[in-house]
Amino acid sequence: MVTLFYTIVHVLPGNLIRLYLFRRYLRFSPQLVIAGLLVLIGIEAVIQIEAVTVFSRRIAFPFLFFIFFYLVAVTRVPIAKQICIIAPLGLLWFGMQTAVFAIEDAYPVFEIPFLLSGLLILASLLVIAPFCLYYGRTVADPLLADDSFDAVWKPLAWLGTLILVLTILLSPFNELRTNTALFVRLSAAIGAFCCIGLALYAMNERLRQRALREQLAHEAEMAEITHQNAAQMEENERATRIFRAQFTELIEEAEEKLAHEDYAGIEQLMHDAAAQINTSCAPVCANEIVNILIGYWQPVFDRLAARTEYRIEIGTENPIDPLDLTAILGNLLRNAAEAMESLAPGTKRILRLALVHQADLLFLTMDNSFDGTLRYDVDGNLLSSKRAHSERGIGLESIRTSLARYDGTMEVTAEDGLFAVDIILTAAMGAHREISSVGSSDQYGKADDIS
């Protein structure tokens with residue numbers, strides 16, 4: 001029983017931690033990989049029981065290598081990179097076992113060898129396991145997700161392997177367990193741990209600084225987009241006020257002519273108003289924010305000869321925060337304009353927008369023509385064509401940030417030359433607002449054309 005106990009203890013915990021570090025990069029399911037690991041441990045346990053009385057490190061040593069290369073084979077990470085990432089934890093584990101053996105030699109509580117050391121290894125997991133998990137989150141995960149240091153891994157792996165071999169040679173198979181041997185082994189393990197650990201820390205810091213620079217650049221671009229949206233809203237508010245004043249004057253004059261039953265005058269007034277009023281700022285719904293955003297981008301769509309169709313069913317009050325509504329709808333309209341502007345001359349351009357506020361839900365669907373080229377990163381996130389398909393788009397990231405505040409979802413699809421975005425989010429709680437459906441003019445297309 002002690003043989004089986006220690007055989008499992010000296011192999012299984014450390015390798016389970018290793019599997020956790022590489023859990024996203026396994027070639028097979030974790031259950032299948034762990035099953036293979038247990039088979040190897042079982043074979044070692046059978047050999048240990050048949051060959052010796054308690055436990056033989058001569059038998060355990062080759063099985064450590066068998067298991068190591070088995071796990072290397074089932075992991076989709078270059079072997080040099082695997083060695084560098086697990087080396088600090090391996091050296092820490094080696095140092096811990098060395099200290100455990102020294103304690104067992106100095107204080108033989110049990111008559112059976114390796115029983116006390118096995119129990120001490122289990123107890124030490126209470127300290128080592130949290131450290132390993134922290135190491136995985138802060139060091140291993142960022143390095144595994146990045147490919148910037150491919151040229152560094154091989155020489156660092158050779159250095160780590162050399163130090164590990166020298167450390168093992170300082171722990172011979174005989175029963176040399178003097179204080180001097182203990183000091184030499186621990187010194188080698190600590191020195192190697194610091195050497196490789198500092199290299200990994202330096203690479204991780206460089207990744208963190210690069211991510212910080214990218215974040216600052218994104219925030220600067222977001223600030224510029226917000227500034228542009230604010231300027232657009234201010235300009236369109238001014239234009240909307242002018243339109244309202246013109247419309248009010250028109251209504252007053254029409255009421256006066258109606259009082260005098262001057263129907264011919266009313267007809268002429270309507271004809272003159274149609275020629276005088278700037279219809280590019282005409283509202284498409286009862287919501288001022290939506291009118292401002294569409295009023296800003298409509299001239300751009302007109303210049304591109306795009307056929308626009310709107311179905312807007314939203315009340316005068318904003319179902320969500322105006323800044324979030326501006327970020328979501330404004331970025332979608334901006335992306336649609338940029339996508340259609342990149343199309344070849346003469347290409348048919350279509351924009352369809354549906355925005356419906358129903359109960360506590362807000363539905364938004366937009367389809368627009370695009371060149372048919374989409375690229376995604378390894379996590380399935382859409383890459384921006386403006387960034388040469390190397391980074392995520394700022395606009396969609398801004399939309400996702402706003403959606404997160406309302407438990408919103410966004411689905412992006414592309415079919416038949418149309419880029420489609422479907423958004424559903426929970427509107428402000430307790431807001432049962434009046435829904436106003438206003439059909440657009442011929443310039444904007446028919447409101448019922450969107451299914």
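Note that the structure is predicted; figures quoted are calculated from it, not measured.
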Flag the pair [X] / [Y] as yes when at least one side-chain heavy-atom distance between them is below 4.5 Å, and no otherwise.
X    : Y    : answer
N291 : N287 : no
L355 : L362 : yes
Y406 : I320 : yes
L425 : L361 : no
L418 : S369 : yes
N368 : I350 : no
L403 : I423 : yes
L21  : D141 : no

Ionic contact status for E341 with R349, cut-off 4.0 Å: no
Measure the spacing between [atom1] of [X] and [atom2] of [Y] and express it to the nearest 0.5 Å.
X    : Y    : atom1 : atom2 : result
L16  : R23  : CG    : CZ    : 13.5 Å
S342 : F370 : OG    : CZ    : 9.5 Å
Q298 : R303 : CD    : CZ    : 12.0 Å
E415 : D367 : CD    : CG    : 10.5 Å
T401 : I328 : OG1   : CD1   : 10.0 Å
L37  : L19  : CG    : CG    : 6.5 Å

Are W297 and V300 close enough, and set up right, to give a side chain to side chain contact (heavy atoms under 4.5 Å, CB included), and what steps lead you there? CA-CA 5 Å; W297 287 104; V300 178; 3.9 Å; yes
Could you go through the side chain to side chain contact (heavy atoms under 4.5 Å, CB included) check for L12 and L38 one step at a time? CA-CA 8 Å; L12 189 60; L38 292 177; 4.1 Å; yes
Indicate the atoms forming the closest heavy-atom contact of [X] with [Y], along with that distance.
X    : Y    : value
P142 : V139 : CD-O, 3.3 Å
I85  : Y135 : O-OH, 2.6 Å
F301 : L333 : CZ-O, 3.9 Å

Please list all pairs passing the side chain to side chain donor-acceptor pair (under 3.5 Å) test where one or both residues lie in residues 61-84, with sequence neighbours left out. R18-Q82
Which residue pairs pass the side chain to side chain donor-acceptor pair (under 3.5 Å) test with at least one member in residues 28-37, sequence neighbours excluded? none
Please test L364 against V356 for side chain to side chain contact (heavy atoms under 4.5 Å, CB included), starting from the C-alpha separation and ending with a verdict. CA-CA 6 Å; L364 191 155; V356 178; over 6 Å; no
Start with the C-alpha distance between I294 and I312, add both sets of side-chain angles, then the distance that settles side chain to side chain contact (heavy atoms under 4.5 Å, CB included), and finish with yes or no. CA-CA 11 Å; I294 293 179; I312 310 296; 4.3 Å; yes
Using a cut-off of 6.0 Å, state whether more than 12 heavy atoms not belonging to F363 lie near its atom CZ. yes
Pair T426-D360, side-chain donor/acceptor within less than 3.5 Å: no
When the side chains of residues 124-134 are checked against the rest of the protein, which donor-acceptor pairs come out under 3.5 Å, sequence neighbours left out?
residue : atom : partner : partner atom : Å
S124    : OG   : L120    : O            : 3.4
S124    : OG   : I121    : O            : 2.7

